[in-house]
Structures are given as structure tokens and as C-alpha cells.
Undergrad: 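Below is a structure I'd like to ask you about.
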There are 4 protein chains.
Amino acid sequence: MPRTVKEHDVRKKEIVDTAERLFLEYGYEETPVEMIIHEVGIAKGTFYHYFRSKDDLLDELVEQLIEEVTGNIKRIAEESEGNAIERIFNVSLYFRNLGVRKQRLTDYLHEDRNVHLHHRLEKKVLPVMAGCYSRLIETGNEEGIFNVKYPYETAVGILGAANYLSEEHHEDLTRHVVKVDIYLAIIDLMERMLGMKEGKLIEFMKHTEGRE
Amino acid sequence: MPRTVKEHDVRKKEIVDTAERLFLEYGYEETPVEMIIHEVGIAKGTFYHYFRSKDDLLDELVEQLIEEVTGNIKRIAEESEGNAIERIFNVSLYFRNLGVRKQRLTDYLHEDRNVHLHHRLEKKVLPVMAGCYSRLIETGNEEGIFNVKYPYETAVGILGAANYLSEEHHEDLTRHVVKVDIYLAIIDLMERMLGMKEGKLIEFMKHTEGRE
Amino acid sequence: MPRTVKEHDVRKKEIVDTAERLFLEYGYEETPVEMIIHEVGIAKGTFYHYFRSKDDLLDELVEQLIEEVTGNIKRIAEESEGNAIERIFNVSLYFRNLGVRKQRLTDYLHEDRNVHLHHRLEKKVLPVMAGCYSRLIETGNEEGIFNVKYPYETAVGILGAANYLSEEHHEDLTRHVVKVDIYLAIIDLMERMLGMKEGKLIEFMKHTEGRE
Amino acid sequence: MPRTVKEHDVRKKEIVDTAERLFLEYGYEETPVEMIIHEVGIAKGTFYHYFRSKDDLLDELVEQLIEEVTGNIKRIAEESEGNAIERIFNVSLYFRNLGVRKQRLTDYLHEDRNVHLHHRLEKKVLPVMAGCYSRLIETGNEEGIFNVKYPYETAVGILGAANYLSEEHHEDLTRHVVKVDIYLAIIDLMERMLGMKEGKLIEFMKHTEGRE
DNA sequence: TATGAATGAGACTTCATTCAT
DNA sequence: AATGAATGAAGTCTCATTCAT
């Protein structure tokens, strides 16, 4: 009954943050609005003052994650040192290590209960990632290290190949089967798609391996 | 109130088929069990005789689709004539043209409301497709037309690249933006991933273009 | 957003009047505060400057109606010409013809949605009416036209009998059933309660009939 | 989460009974549906399976009370021994002593928070009571103890007079003011309305006084 | 097997009221 | 005084699932 009044954005962020935590812990469908508001300490009506629906909250959450992530991606792509290879590597590295609650975001998203989040996030992040990769590929073309005909499409292709391989990877882990080191495979495929000389990328990777 | 008794499998198929139609039209979440049973003309309880849950029905539906699809895929991969390229092409073609209710299944699956179906289907079909592609790649390697280091991973990579590009394509279509012909891009990328000589695949495709 | 400042009582009356109109049209419960303020053209907060609660507004409204009505009742009871019968008749007449929005207030109050208003109004008006009647009855006793043992109680009894008969009347009208002319019945009962000679009151009424 | 299945009418009565208890304790408006279901031990959805709305529940409750009460009233009116006076007396007595939770129902209903219940109950019980009284009055007319011109209207009038006097009485009690013994007044008024000889009814009452 | 009313979970809506500006 | 976004209370609806018959 005691009323706590907070600034719009503060309270909103509070709700979104709590939802993020709970969605990742229990999954979107398995997290009742009831649970969120209880955790935040607000009433039903308050929730629906800020969000049209539970689904709308997911949108906002995705939006917030996107904002946070895409900003970094772009910055890394544009500001990090080195040639195109190095920059793509840095972006990938950032993305792969992106974590929530001590676990990699990408691992989280591959869990079945997070389809909703995964799907929406992917839909929004993909164009940004693809844009970055595309520009870097063009740079690489100019630098003479890459030889790519369709930069944007190749960017999308690389992301698709890498993601599917990661997903397969997750499946394998779930089934406790591990085949080839998928990172080697991804590198091999990138090399091919980027039109690099064979072994060039692997060589580069070995240099930076320690940094991870 | 009149009670219709049917053979178990007949009735089950009837439910699954109706569900398929409704899920694709309205989406999984937006199709109440109520709607399905009303359409089929059975009672609530009857539904739960056949399926443990609505989710279970989705599983069965996916299973049924899988059975139908993977059988064909394997057959096409193994029995169709020609070299590895031709066979991969045939499999892809079959998959791409797979339709429901006068529309391509793949188009359907990319609609937002079908995340559930998409996710589960992909998870099950991918290994089968990848297996086929993988074997064909090995054949191609042996035939000397391909030069692939990690056949299975490359198979997954090709599927990922192709799917992401299709999805991007769908998004573009939704936004009424059309860029490069993605089919050309996909072919270019496959050529590279399969380690073929540049232009070799495109050349081949042109020959068979009319058949589609 | 433009801010209109008005004198306290003017604004207050404006709100009460609007509320009266809306309460009678939609009923107390079915009239959101939102509706009232929208109609008046003020903000939520402003409403709560003038009234502690929606319920408080109802009180004020009742108070205002009471003030308006009881003043007239007392005046008619005390100042109107003629003997006790005539005066009671005049008071009743005034009350019965009291109208809101072209309809009799008493008719309005008998509608289901106006329980709140009815109840509170009755509770406040009854003592005033009973007081008037009671004094008039005593006068009549002195004048020798009435012969009443418990003036105040008889006053209340007359009001009760008359009201219940009117309510029954309303119900009958709703069900499109009309039985005996209730006015004749009310007059008969008053005659008895007031200890008049049979037919005396009816006779009197006939004289003044035209005035109504 | 454990499910308790009960027969429709059993469960329904359970809800209505609980509601009756709570409504009378806290008042209709001050009893949330939440409270009712918590007390009964059922879920929201279950409640709305049985009742279209909280208001609908009130209707059912009234219906149930009516059924219970009107049956008795009619029986007493028709089966109890003695002449018309005695019977009317018995009905009144039954009604006046009708209790809920150790308190007289009529006292309960006069509490402000029970307007809803009061209003609806009165609306439904009145016709029944009036019907009984009306028939008894006709009997009394025939027996020569009464001399009533409009039996039904007089019945309604008696009920109105008696109720208003009781209400006034309640108000007085609340304000700790006690005036004339209202029972004497009511008897006096009934005597007059029923066209009895003065003092006849009081005399009769004195005989039966002890029985109460 | 078939039925559908009964049940529980939870999304969503409406609305009175408060409070920082 | 005036404003209206913010808040909490509570009503209602939709839907998956269970169970007695």
C-alpha cells in the first residue's frame, strides 16, 4: 500500500532488467507477469502502465539489449586497430563472449525455452552485424586481403554458417558428442568465403589465440 | 453428443492435419486447442487421449512433417542421377519448393507467428539435411569436383548461409526492398565453400535453370 | 495543458452539476471519475482538490440536492395556504413533480443503477419530510380534521406506504402491468392512517385535481 | 495445484454460502472476489466458470435467500393456524426474527454497506410478502375482522410503513435516540389500515406477546 | 474411447487515488 | 490551484488441462 513513485525511465528500466533476469532464468513463457511485478515490488496496473503486454516487454527488452550490443559492435568494427581480418575477429570475439549472469548470452539463447528472445534478438542484431561485416569486407577487398564478390551477402552467409555451426555445436554438447573442432571449421569456411589464400586466416588466428 | 468412434491412427492424423493447417494460418500460440477440436469435431477430452499436451501435438506434427520430408530428401540425395552438384541442387530444389496450402513452407516458417514450428522443424531437419549434404560432399570430393576439408561442418555452413540469406531475403521482401539476386550470391558462396573453380557452379546451374 | 483558474465554489458546483447529470444517466458505479473530469474539462488532480473521493462527491451532490429540496418542502409546508390536508397535498405534489432532465427525480431514483443516490437521498430527505408531515399532522389534529395517535410515526408510515406503492407502481410499469390506480389507494390509506372520515380526503382531492 | 472436483451445485452453493458470509461481514463492495475464492479454496477461473460476474453472484445469492425465505413465508401464511390477524402476525414474526450469523437479517440489511443486498432482496421479497398479506387481508375481510378496500395495495402500504418505521428505528438506535415504542405505532397504523376497531389488534398482540 | 464440465494459471482491463511538478 | 503520469486494487477473460461419467 505505500506508494513509491519513480521517474518513468527508472521504473521502466527496473522492470525490464528484472524481466531480463527472470526470462533468462526461467524462460519467457515460464515467467508470469505476476512474478516480475512481485520481484520489482509493483502492482499489475503499474506493469500495464509501462507495457501494453508481456510481449511488448519482450520487445523493449530486446530493444535495450540491441542498443547495448550494436553500439559496441559498431564501435569495435570502426575503432579497433588492425586490418579487416583483425577487426572481424574482434567483433566475433566480443559477440561470442557477451554474457548474462555468468554464462554466454549465445549459450543462453540456444536453450529451448528462450526461442522467443533468440528469434527477436537475432532478427534485430543480424542486420547490424551484417552491415559491420559487410563494410569490413569491402575494406578487406580494398586492402587486397579479401576477394569477395557480394560483400553484404557474404557477410550474412558467414554469420549464418557460423551460427548454424554453433547451434549444432550446442546440440552436440547436449548430446555429449563432440566432433571436429568447429572453430577450425568456421575459420576454414570464412577463409573460403572471403576468398583468402588457404591457411592465411588460421595463421593469423594462432597469433592472437592467447588474447582470448 | 453423438459419439463417433474412429481408428486411433486415423483420428490422430485428422487432428494433426487440422492443427497443421490452423497453426500455419494463425500461429501456434494463437490457435487454441478449442479451435482445433471444434474444427475436427471432437471433444476436449478426446484431444487429450491422443496427445499429452498441445506442445506434444506440435512435436507429433513436426515428426510427421519430418518423416515426410526427410524420406524424400534422402531418396533424392541417394537415388537421383548425376554428380554431387546435381544432387545437392535437386535436394535444395525439393526443399525450397516444398509447399503448404499453395505457399512455400519456408515462406510460412519465416513468419513471426511460426517461431515454434520453425524452431523445432529446423532442429530436426537440419541434421538430416546436413547428413545428406555431407555424404554428397564426400562423394564430390572423391569425384574431384569439390575440395572440402570438413565435409559435415561445411554442409552445416552451407545450410546456415543459405537460410540466413533466405531470411534476409524474406525481410527484404517484407520491407519491399530488393537488393542483389540472392540466388547468385548463394551459388557464389557454395562454390567457394565447396572449393570449386570459380564460375563452375553457375555454369552448371544455367544448364538446369529451365527445369525449375 | 492551458490552465483555467476558477473560483473555488464555481468550479466545485460545475463538477457537482456535471456529476449529477452523469450519475443519473449512467449510474454512480458506471460513471468513472475520468468521465466527469473529461466532461468538465479538468485534470484528475484537480478533481481531488475539491473532493476527498468519488464517494465524497456523491455526498456533496446529495447535500446540494437536499438543500435545494428541503428548503422548498419546509417553505411549502409552512407558508402554503389552507388546512393541513391541503398543505400535505402541496408538499407531496412538489416532491412528486420534482424533476431532473425532463424526468421525475423519483422515477430516476427507482432505476436500479441509482441505488447509491436513492439510498443516501432517502436517508437524508426522509427525516425532513417526516418532520414536516408530523407538524402538519399535529396541526390537523388540533384543527379536528385528523385523529392521529403517533404523529411522527404516522408521518413516517405514510411516507413508507406511499413510496413502496410508487415503487411497486414503477415495477408494474416496467412489466407493463397496471392494476388499481395507486393514487386512489394511497389516498384511501392516508385517510385511514390520519383517522379521517371515509371519503373525506378523496373529496378534497377532487377539488384540486385540475391544478396538477 | 491439486484439483478438487465437485458437483456443480455443490461447488456453486459453497461459493454462494461463502460469499453470503463475507458480504454480510464486510459488505459487498468491500469483499474482493479474491477473498471469496481464497476462502473457498478455488482459482479465479473457477469462480468465473460459475458466475458471469461478481454482480451475478449477488443475484444468485439473493435468489437463494429468496427461495429459502419465500417458501417459509408462504407456508406460514397458508398453514399456520388462527385467523388472518394471527397469520399476518406469524409471518411478520418469522421475518423479523430471520437471522444471519446470530444477528437479525433486517438489522444487517439496514447497515450502509449492504445497500446492494438490501435493495435487491427487497425488490424480490416485497412482491411475495405483499402477495401473502394481500390474500390474508382478503380472508380477514371475509372473516369480518378487516375492512379493506384495496387488499394488495394495503398490503404493500403496510410493508412500506413498517419498513420505514424500522429503518427510522435503526437510525435512532444508531444515534442512541429512542422515541416512542415503534411497535405500538406499527400496530396502531395496521389497525387503521386494516379498518379494524381501535384497540382490537393491540389486544390480540398482548395475548401472544409471551410466545415471541 | 469419447465426452464436456470443472479447474487452475495467468494475461489483461478498468478505475480510484496519489504525488511530483 | 492545476496538472497528469504513476500507482495499486480488483474485476474479467482466455486457455490448457483434468476427471467423473
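Computed from a predicted model, the values in this text were never measured in an experiment. Values below: all heavy atoms of this structure, side chains included; hydrogens, waters and symmetry mates excluded. A note on names: the letters A, B, ... follow the listed sequences, proteins ahead of strands, and every chain is numbered from 1.
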Undergrad: Look at the side chain of D:His49 and decide which nucleotide, out of E:dT3, E:dA5, E:dA11, has an atom nearest to it.
TA: E:dA5

Undergrad: Do the rings of C:Tyr50 and C:His8 sit parallel, tilted or perpendicular, given the 30° and 60° boundaries?
TA: tilted

Undergrad: To the nearest angstrom, how far is D:Ile42 atom CD1 from E:dG10 atom P?
TA: 17 Å

Undergrad: To the nearest Å, give me how far apart CD (A:Glu34) and P (E:dA11) are.
TA: 8 Å

Undergrad: To the side chain of B:Ser53, which of E:dT7, F:dT17, F:dT7 is closest?
TA: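 Minimum distance to the B:Ser53 side chain belongs to F:dT17.
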
Undergrad: Measure the distance from CZ on D:Arg11 to C1' on F:dC19 and round it to the nearest whole Å.
TA: 13 Å

Undergrad: Considering only E:dG8, F:dT12, E:dT3, which nucleotide approaches the side chain of D:Lys54 most closely?
TA: F:dT12

Undergrad: How many whole angstroms separate atom CZ of A:Arg52 from atom P of E:dA11?
TA: 17 Å

Undergrad: Just need the stems in DNA chain F: three or more back-to-back Watson-Crick or G-U pairs, each with both distances under 3.5 angstrom, sorted by first number.
TA: E:2-21 with F:2-21

Undergrad: What's the CD-C1' distance between C:Glu14 and F:dA1, to the nearest Å?
TA: 15 Å

Undergrad: The criterion is side chain to side chain contact (heavy atoms under 4.5 Å, CB included); which residues satisfy it with A:Arg113, sequence neighbours excluded?
TA: A:Glu30, A:Tyr108, A:Glu111

Undergrad: More 5' along DNA chain F: C:Lys44 or A:Gly41, using each one's nearest nucleotide?
TA: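 Result of the comparison: C:Lys44.
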
Undergrad: Choose from F:dG8, F:dA2, F:dA6 the nucleotide whose nearest atom is closest to any side-chain atom of A:His8.
TA: F:dA6

Undergrad: For DNA chain F, whose closest nucleotide is more 5', that of D:Gly45 or that of A:Tyr50?
TA: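 Closest to the 5' end, via its nearest nucleotide, is A:Tyr50.
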
Undergrad: Please give, in whole Å, the distance from E:dT1 C1' to B:Phe47 CZ?
TA: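 Taking atom C1' of E:dT1 as the reference, CZ of B:Phe47 is at 16 Å.
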
Undergrad: Can you tell whether the side chains of D:Arg120 and D:Asp55 come within less than 4.0 Å, N to carboxylate O?
TA: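 A salt bridge links D:Arg120 with D:Asp55.
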
Undergrad: Specify the closest pair of heavy atoms between A:Glu60 and A:Phe51, including all atoms of both residues, with the distance to one decimal.
TA: CG-CE2, 3.6 Å

Undergrad: Rounded to whole Å, please give me the gap between CD1 in A:Ile37 and C1' in E:dA9.
TA: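 Taking CD1 of A:Ile37 and C1' of E:dA9, I get 14 Å after rounding.
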
Undergrad: Of the nucleotides E:dT18, F:dG8, F:dA16, which has the atom closest to the A:Thr46 side chain?
TA: F:dG8

Undergrad: Please give me the minimum heavy-atom distance between C:Ala19 and C:Leu57, naming the atom from each residue.
TA: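 Of all heavy-atom pairs spanning C:Ala19 and C:Leu57, the closest is CB-CD2, 3.6 Å.
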
Undergrad: Identify the heavy atoms of B:Leu22 and B:Thr31 that sit nearest to each other, and give their distance.
TA: O-OG1, 3.4 Å

Undergrad: Closer than 4.0 Å, any side-chain N/O of D:Tyr48 to the OP1 or OP2 of F:dC13?
TA: no

Undergrad: Parallel, tilted or perpendicular, judged at 30° and 60°: which one describes the rings of D:His116 and D:Tyr28?
TA: tilted

Undergrad: For C:Glu29 and D:Ala43, find the nucleotide of DNA chain E closest to each by heavy atoms; which residue's nucleotide sits nearer the 5' end?
TA: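 Going by which nucleotide is closer to the 5' end, it is D:Ala43.
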
Undergrad: Distance check needed: F:dG11 P versus D:Phe51 CZ, whole Å only.
TA: 14 Å

Undergrad: Measuring from the side chain of B:Pro32 (C-beta onward, heavy atoms only), which nucleotide among E:dA11, E:dC15, F:dA16 has the closest atom?
TA: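 When the side chain of B:Pro32 is considered, F:dA16 is the closest of E:dA11, E:dC15, F:dA16.
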
Undergrad: Mapping C:Val33 and A:Asp55 onto DNA chain E by nearest heavy atom, which one lands closer to the 5' end?
TA: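 Nearer the 5' end of the strand: A:Asp55.
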
Undergrad: So, for B:Tyr26 and B:Met35, which heavy atoms are closest and what is the spacing to 0.1 Å?
TA: CE1-CE, 3.3 Å

